[in-house]
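One structure is given below, encoded as structure tokens.
Model, not experiment: these values are computed from the prediction. Read the numbers this way: they start at 1 and go in the same order the structure lists the ligands and their atoms.
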Amino acid sequence: MLKIKNLTYTYPEGATALKDVTMELPKEHILAILGRSGSGKTTLLKCIGKFLKPQSGDIILNDESIFGIPREKLRRSIGIVFQELYLFPHLTILENMILAPVRVLKKDKEIVSKEAEDILAKLGIKDLCDRYPSQISGGQAQRAAIARALIMKPQYVLLDEPTSALDLNTTEEFGKWLLELKAKTTFVIVTHDVLFTQNIANFGFLFSKGKVQAQGTMEHIVETLKRKKHTGNDLPLRSNKH
Ligand SMILES: Nc1ncnc2c1ncn2[C@@H]1O[C@H](COP(=O)(O)OP(=O)(O)OP(=O)(O)O)[C@@H](O)[C@H]1O
Ligand SMILES: [Mg+2]
């Protein structure tokens with residue numbers, strides 16, 4: 001279980017991006033975090049990844065504060081794919097994938113390479129494994145970054161806007177794959193894509209101005225969004241029909 005307790009984060013420039021946020025992210029689920037642009041979603045992921053240190057509050061992973069866990073060890077339990085992806089530009093896609101398992105987990109290079117190819121094949125980009133990040137499209141790079149997080153087999157994988165550069169077919173395939181994997185890995189999906197999470201998430205959180213405005217089933221979240229639509233405080237809701 002990952003617990004966020006009374007988390008507050010203010011950027012040095014002054015914006016308070018998280019205001020006393022408390023939430024529980026149980027395992028073996030697909031969880032969605034929705035919210036308008038600027039509502040604090042990425043800031044939350046950066047705090048969970050220890051890239052930002054909150055001014056107050058705590059983040060507890062399996063009864064242990066993450067602030068006492070070395071970052072390299074935390075990476076084995078929590079994988080994060082940010083909007084900017086951060087693939088190493090001087091390494092091929094395959095090299096990007098096997099770097100941490102070989103260096104950090106001390107796994108056999110050949111075995112890990114085979115695992116990497118299997119994951120890349122599932123995401124439809126196996127034929128790109130010898131290319132460099134600059135030689136593939138944005139959507140392909142996004143899948144490569146997701147594949148790189150998954151190969152560590154972390155308990156949690158947090159994905160910031162994972163479908164923003166994927167076409168509809170790839171998004172559907174990706175959704176099915178997350179459903180297959182959720183027994184072993186909990187996915188926390190930060191997104192504007194309400195329809196995508198509506199179909200696959202077990203539970204959702206709605207962020208507004210640095211606070212959790214609503215939480216519950218996706219049905220409840222969508223209902224809340226529809227109500228807010230009248231106040232102009234909505235996310236774009238798409239029709240369920242493609
Ligand atoms: N590096 C930064 N320095 C100062 N303020 C920042 C910084 N990054 C984000 N903010 C501010 O913090 C607030 C929350 O930003 P955050 O990136 O967490 O939003 P978000 O919900 O991820 O938005 P989006 O959906 O556009 O990605 C915003 O008001 C934003 O302007
Ligand atoms: Mg963001």
Side-chain angles (χ1 to χ4, degrees), residues 2-25 30-59 66-67 71 74 78-87 138-139 141-146 148-149 156-166 171 174-175 178 186-198 200-201 203-216 218 220-222 224-229 231-238:
L2 185 60
K3 289 184 188 170
I4 318 293
K5 282 191 177 167
N6 306 102
L7 208 69
T8 295
Y9 182 81
T10 303
Y11 282 97
E13 291 81 4
T16 298
L18 298 173
K19 298 170 189 162
D20 199 24
V21 169
T22 293
M23 53 203 286
E24 292 196 349
L25 307 171
I30 296 176
L31 307 161
I33 300 179
L34 303 167
R36 293 184 97 188
S37 182
S39 59
K41 306 179 301 295
T42 298
T43 306
L44 175 71
L45 297 196
K46 289 197 169 152
C47 289
I48 296 175
K50 295 220 301 184
F51 297 98
L52 294 177
K53 195 174 183 329
Q55 284 80 12
S56 61
D58 206 351
I59 300 173
I66 65 160
F67 299 107
R71 196 185 285 175
L74 185 69
I78 303 178
I80 308 184
V81 182
F82 286 107
Q83 282 162 312
E84 300 85 1
L85 306 180
Y86 302 115
L87 289 167
Q142 199 161 33
R143 278 177 276 167
I146 291 166
R148 188 180 59 173
Y156 286 86
V157 172
L158 316 185
L159 302 167
D160 204 351
E161 290 291 350
T163 61
S164 61
L166 303 185
T171 299
F174 178 55
L178 293 185
T186 299
F187 293 95
V188 180
I189 302 171
V190 168
T191 188
H192 295 112
D193 192 342
V194 181
L195 180 65
F196 173 63
T197 45
Q198 204 177 341
I200 61 166
F203 198 86
F205 298 89
L206 182 60
F207 266 61
S208 176
K209 295 176 186 158
K211 291 185 177 171
V212 178
Q213 185 182 33
Q215 59 176 296
M218 287 311 293
H220 173 66
I221 298 296
V222 170
T224 310
L225 281 169
K226 280 184 184 157
R227 275 203 310 277
K228 298 284 163 203
K229 202 168 187 166
T231 66
N233 191 21
D234 60 312
L235 285 169
L237 280 171
R238 285 200 270 139

Q | pair T43-Y11: side-chain heavy atoms closer than 4.5 Å | A | yes
Q: Tell me, please: is G35 in heavy-atom contact with ligand 1, that is, under 4.0 Å?
A: no
**Q.** Any non-hydrogen protein atom less than 4.0 Å away from atom 10 (N) of ligand 1
**A.** yes
Q | Shortest non-hydrogen contact from I33 toward M23 | A | CD1-CE, 3.9 Å
Q: Verify the neighbour count for atom NZ of K5: are there more than 12 heavy atoms of other residues, nucleotides or ligands below 6.0 Å?
A: no
Q: Measure the distances from the heavy atoms of H192 to every atom of ligand 1 and state whether one is below 4.0 angstrom.
A: yes
Q) What protein N/O/S atoms sit under 2.8 Å from the Mg ion (ligand 2), by chain and number? A) T42 OG1
Q. Looking only at atom types and distance, does a side-chain atom of K50 sit under 3.5 Å from a main-chain N or O of I66, one as donor and one as acceptor?
A. yes
Q | Member of F82, Y9, Y86 meeting the ring-ring contact (aromatic ring centres under 6.0 Å, His included) criterion with F51 | A | F82
**Q.** Subset of ligand 1 atoms that lie under 4.0 Å from at least one heavy atom of R36
**A.** 21 (O)
Q.
As a test of understanding, state which of L44, I4, T8 forms a side-chain contact (heavy atoms from CB on, under 4.5 Å) with L18.
A. L44
Q | Partner of L31 under side-chain contact (heavy atoms from CB on, under 4.5 Å), chosen from L158, L2, V188 | A | V188
**Q.** Any M218 side-chain heavy atom under 4.5 Å of L34 side chain
**A.** yes
(Q) Suppose I only count heavy atoms of A17 and a 4.0 Å limit; which atoms of ligand 1 are within that range? (A) 12 (O), 13 (C), 14 (C)
Q: Looking only at protein heavy atoms, identify the closest one to atom 26 (O) of ligand 1 and say how far it is in Å.
A: S37 OG, 2.6 Å
Q: Spell out, as yes or no, whether a donor-acceptor pair under 3.5 Å connects the side chain of T22 to the backbone of N6.
A: yes
Q) Quick one: does I146's side chain get under 4.5 Å of F174's, heavy atoms only? A) yes
Q: Going by heavy-atom distance to atom 17 (O) of ligand 1, choose the closest among L18, T42, T16.
A: T42
Q: Around atom 1 (N) of ligand 1, find the nearest protein heavy atom and jot down its residue, atom name and distance.
A: Y11 CE2, 3.6 Å
Q: Using only heavy-atom distances, determine whether the side chains of Q142 and S164 contain a donor-acceptor pair under 3.5 Å.
A: yes
Q. Does a side-chain heavy-atom distance below 4.5 Å link T186 with L25?
A. no
Q: For atom 27 (O) of ligand 1, grab the closest protein heavy atom and report residue, atom and distance to one decimal in Å.
A: Q83 NE2, 3.2 Å
Q: Could you tell me whether some N/O pair between G40 and ligand 1 is separated by less than 3.5 angstrom?
A: yes
**Q.** Nearest non-hydrogen protein atom, atom 16 (P) of ligand 1
**A.** T43 OG1, 3.5 Å
Q | Protein contact of atom 14 (C) of ligand 1 - nearest heavy atom, named by residue and atom, plus distance | A | G38 O, 3.4 Å
Q: Might you check, step by step, whether the distance between atom 7 (C) of ligand 1 and some protein heavy atom is under 4.0 Å?
A: yes
Q: Quick one: look up the protein heavy atom nearest atom 21 (O) of ligand 1 and list residue, atom name and how far away it is.
A: K41 NZ, 2.8 Å
Q) With a 4.5 Å limit on heavy-atom distance, are the side chains of Q215 and E24 in contact? A) no
